[in-house]
Amino acid sequence: MPTTIFTIANQKGGVGKTTTAVNLAAALADKKIPTLLIDLDPQANATSALGVEKQAGRSLYGPLHGEGTAVEMITPTAYERLSVIPSEEDLAAIEIELAQTENYLAKLRGVLEPLRTGNQFRAIVIDCPPALGMLSMNSLVAADHLLIALQCEYMALEGLGQILRNVDRLKTAGINPDLDVGGIVMTMFDTRTNLSRQVVDEVKKHLPDKIFDTVIPRTVRLSEAPSFGKTIFDYDPLSPGATAYKHLAKEVIARFGLKS
Ligand code: ATP
Ligand code: MG
């Protein structure tokens, strides 16, 4: 059983990266796919969204320093087949510390190698901080597929260009030649305005084979769930947000052959 690594990145803040990482990972687990969510953001939003306590020394901070292993950091969640490697504030220091080491872009890749070749997980989903700093760049080097969460808002395409240029650089420099832009998830779609529709159409026009058919609606239930430490499937399983993330998981399973 190979392990497929997805990273959810976008340098822009508040676009739905964490909401997508948490609920996509939960939906994959629900579809019988053993899944690991890695919280790579010092804000630790994904960790608390899963109802997992932040704990000093429980994150990838140590392993990225050569102390301990990623495997030791795997933490169970309340959900079957879903584990997490939590985050903590300390992870922020890595941004500076990694820059002073050799091969600093490939550190995370090395740390995750035992998980990639191990048999424990079929899918790994990495939640990135809102910057293309050391942590996000490391995730792009460690991943097979980049999933971009893109908010349905004015100028969405500008931000997209920036991240796609970084992907190209990593590929042409041979640092992760196989990195694939796996898909674009349109988030916070507002049915009451024309703008959302226009932004989706625009992205579809430019990247027709990348954009997922599933569009995530803007709903207050999705924003409430994390404060209860619950996924949307636990908090309000019949809500439009839950349905949307279920559909997205189906698309991801089909597009990347996760069931084969
Ligand atoms: P950051 O860049 O800070 O890590 P992010 O890209 O991870 O942010 P989220 O934390 O997922 O973004 O979302 C930002 C805010 O918007 C949160 O308060 C979240 O609950 C809310 N939110 C995310 N998706 C939706 C949605 N589809 N409908 C309504 N609110 C949403
Ligand atoms: Mg986030």
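The structure presented is a predicted model; accordingly, all values stated were derived computationally and were not measured. When a ligand or atom number is given, it counts from 1 through the structure's own listing order.
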Atom 11 (O) of ligand 1: of T19, N10, I8, I232, the nearest heavy atom sits on T19
Mind checking whether G16 has an N or O less than 3.5 Å away from an N or O of ligand 1?
yes
Starting from the C-alpha separation in whole Å, work towards a yes-or-no answer on side-chain contact (heavy atoms from CB on, under 4.5 Å) for K31 and K246.
CA-CA 9 Å; K31 296 221 187 291; K246 234 181 252 174; 4.0 Å; yes
Is there a polar contact between ligand 1 and D127, counting only N or O atoms under 3.5 Å apart?
no
Would you please determine whether A225 falls within less than 4.0 Å of ligand 1 on a heavy-atom basis?
no
Tell me whether V15 has any N or O atom under 3.5 angstrom from an N or O of ligand 1.
yes
Considering A9, G14, A21 one by one, which has a heavy atom nearer to atom 1 (P) of ligand 1 than any of the others?
G14
Any nitrogen or oxygen of T219 lying under 3.5 Å from a nitrogen or oxygen in ligand 1? Just yes or no.
yes
Would you indicate whether Q100, at its atom CD, is surrounded by more than 12 heavy atoms from other residues, nucleotides or ligands within a distance under 6.0 Å?
yes
Applying side-chain contact (heavy atoms from CB on, under 4.5 Å) to E251 and not counting sequence neighbours gives F212, D213, T214, R255
N103 atom CG: more than 12 heavy-atom contacts under 6.0 Å:
no
Is there a protein heavy atom less than 4.0 Å away from atom 17 (C) of ligand 1?
no
Considering the heavy atoms of D41, write down every atom of ligand 1 situated less than 4.0 Å from one of them.
4 (O)
For atom 8 (O) of ligand 1, is some protein heavy-atom partner under 4.0 Å away?
yes
Within-cut-off N or O pair, K17 and ligand 1, under 3.5 Å
yes
Would a 4.5 Å heavy-atom cut-off, applied to side chains only, mark L150 and V15 as touching?
no
A side-chain contact here means heavy atoms from C-beta on lying under 4.5 Å apart; do R218 and Q151 qualify?
yes
In this structure, which one of T20, D30, N23 forms a side-chain hydrogen bond (donor to acceptor under 3.5 Å, both in side chains) with Y245?
T20
Has ligand 1 got any nitrogen or oxygen that is less than 3.5 angstrom from a nitrogen or oxygen of Q43?
yes
Under a 4.0 Å threshold between the charged nitrogen and the carboxylate oxygen, would K107 count as salt-bridged to E97?
no
Tell me whether T187 reaches ligand 1 (any heavy atom closer than 4.0 angstrom to a ligand atom).
no
Relative to the heavy atoms of I216, which atoms of ligand 1 are at a distance of less than 4.0 Å?
27 (N)
Flag yes if more than 12 heavy atoms outside K250 fall under 6.0 Å of its NZ atom; otherwise flag no.
no
Within a strict 4.5 Å, meaning less than it, do heavy atoms of the T3 and L36 side chains meet?
no
Which of the numbered atoms in ligand 1 are below 4.0 angstrom from a heavy atom of P217?
26 (C), 27 (N), 28 (N)
Taking NZ, NE, NH1 and NH2 as the nitrogens, is one of them in R197 or D201 under 4.0 Å from a carboxylate oxygen of the other?
yes
Residues D144, R116: salt bridge by 4.0 Å N-O rule
yes
Taking 4.0 angstrom as the limit, do K54 and E89 come out as a salt bridge?
yes
Could you grab the protein N, O or S atoms closer than 2.8 Å to the Mg ion (ligand 2) for me?
T18 OG1
